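Note that the structure is predicted; figures quoted are calculated from it, not measured. Numbering of ligands and ligand atoms starts at 1, following listing order.
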Amino acid sequence: MKQYLVKPDTKVNLAKVDPDDTGDFKGGKEKGLTEIEKLNSKLESLQELLFAEHKHKVLIVLQAMDTGGKDGAIRRVFDGVNPAGVRVASFKAPTPEELDHDYLWRIHRQAPGKGEMVIFNRSHYEDVLVVRVHNLVPPEVWKKRFDQINEFERILAESGTTILKFYLHIDRDEQKERLQARLDDPTKRWKFRLGDLEERKLWDDYMKAYEDVLGKTSADYAPWYIVPANRKWYRDLVISSVLVETLEGLKMKYPAPEENLDGVVVE
Ligand code: ADP
């Protein structure tokens with residue numbers, strides 16, 4: 001999955017990344033789903049180990065355009081993982097109280113503690129995406145945020161947080177289909193907002209903003225992955241693979257049991 005990793009300080013051109021890509025994976029959807037299931041049961045055990053060891057903290061950041069599949073990815077990748085150890089933090093437009101503080105205030109308090117895995121469904125990156133595209137603050141304000149975010153994430157990383165960031169990459173045609181599907185399906189219609197059509201008109205501005213985010217804020221300690229996401233199964237396969245591989249790399253261990261347990265009888 002290394003091909004989707006963004007190297008630090010690069011110029012990203014999203015038009016050159018194929019959202020339909022399925023990499024070297026030969027099996028197609030059916031085999032993909034089987035593979036995801038296998039990764040899923042590994043993730044279940046790794047999460048238990050993370051909780052038991054109570055040492056590492058894991059932060060997963062998900063960003064995407066509307067209909068990009070953040071919710072679906074969370075559902076599939078974390079299916080069956082013990083909800084006691086995994087938390088989703090969703091970031092909507094800031095409340096008046098949140099706006100009274102700096103933009104990282106609401107983010108930092110949701111960061112994972114020891115043994116915990118937290119998924120950010122949107123994140124502090126909105127403060128250089130939607131905020132930039134809609135001119136919610138002047139350029140001299142949001143431009144400083146790339147460095148600020150890098151430093152913020154460095155603090156988290158140096159305090160024991162493993163950070164993984166995924167941009168789910170769909171194209172404009174795929175978004176059209178997904179929006180239309182929401183309109184057509186009575187069980188999905190509630191997700192459709194007229195405002196989504198206004199955002200869709202700003203697609204190119206968003207792509208430019210995402211390219212800057214990906215190029216300026218991918219770091220060894222907090223890498224971005226550009227995930228081809230037109231095919232949902234491949235999207236989930238990429239995220240699951242990166243996550244499992246990264247957690248395995250932590251070489252976690254169950255804590256040593258109390259001494260002198262041999263011969264103990266539970267009556
Ligand atoms: P989602 O699309 O993630 O499922 P919503 O439909 O409720 O959830 O959208 C959340 C909205 O909140 C998005 O339009 C997003 O751009 C907006 N938002 C998130 N963070 C900020 C922010 N810091 N400033 C302004 N808007 C934000």
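- More than 12 non-hydrogen atoms from other residues, nucleotides or ligands lie less than 6.0 angstrom from CG of D100.
- Of the protein's heavy atoms, V130 CG1, 3.5 Å lies nearest to atom 26 (N) of ligand 1.
- When R122, K70, M65, E98 are checked for heavy-atom proximity to atom 9 (O) of ligand 1, R122 turns out nearest.
- Side-chain atoms of Y206 and E199 include a donor-acceptor pair closer than 3.5 Å.
- Within the structure, salt bridge (charged side-chain N to carboxylate O under 4.0 Å, His left out) contacts touching residues 167-183 (residues at least two apart or in different chains) are E174-R178.
- Using the six-membered ring where Trp is involved, H124 and F120 have ring planes that are perpendicular, over 60° apart on the 30 and 60° scheme.
- Scanning all protein heavy atoms for the shortest distance to atom 4 (O) of ligand 1 gives D71 OD2, 3.9 Å.
- Protein heavy atom in closest approach to atom 5 (P) of ligand 1: K92 NZ, 3.8 Å.
- At a heavy-atom distance under 4.0 Å, no atom of L129 approaches ligand 1.
- Of the protein's heavy atoms, R193 NH1, 2.8 Å lies nearest to atom 6 (O) of ligand 1.
- Geometrically, ligand 1 and L136 share no nitrogen or oxygen pair separated by less than 3.5 Å.
- Per-residue contacts place R106 under 4.0 angstrom from the following atoms of ligand 1 (heavy atoms of the residue considered): 20 (N), 21 (C), 22 (C), 23 (N).
- Close contacts of ligand 1 with D127, meaning ligand atoms under 4.0 Å from a residue heavy atom, involve 23 (N).
- Between W105 and H101, the ring-plane angle classifies as parallel under the 30° and 60° cut-offs.
- The nearest protein atom to atom 16 (O) of ligand 1, hydrogens excluded, is given as E126 OE1, 3.2 Å; this is a heavy-atom distance.
- Taking atom 22 (C) of ligand 1 as the reference point, the nearest protein heavy-atom neighbour is P94 CD, 3.4 Å.
- Near V131, meaning under 4.0 Å from one of its heavy atoms, ligand 1 places the atoms 24 (N).
- Partner M117 forms a side chain to side chain contact (heavy atoms under 4.5 Å, CB included) with one of T162, N82, L46, I60 and no other, that one being I60.
- At a cut-off of 3.5 Å, with distance as the only test, no side-chain donor of E158 or Y221 sits close to an acceptor on the other residue.
- Distances from atom 17 (C) of ligand 1 to the heavy atoms of A64, A93, G195 show the closest one on A93.
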#### Entry: CA sep, side-chain torsions, deciding dist, call: E211, K208, salt bridge (charged side-chain N to carboxylate O under 4.0 Å, His left out)
CA-CA 5 Å; E211 284 170 350; K208 210 162 139 256; over 6 Å; no
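- Of the candidates V81, V58, L243, V81 is the only one forming a side chain to side chain contact (heavy atoms under 4.5 Å, CB included) with Q47.
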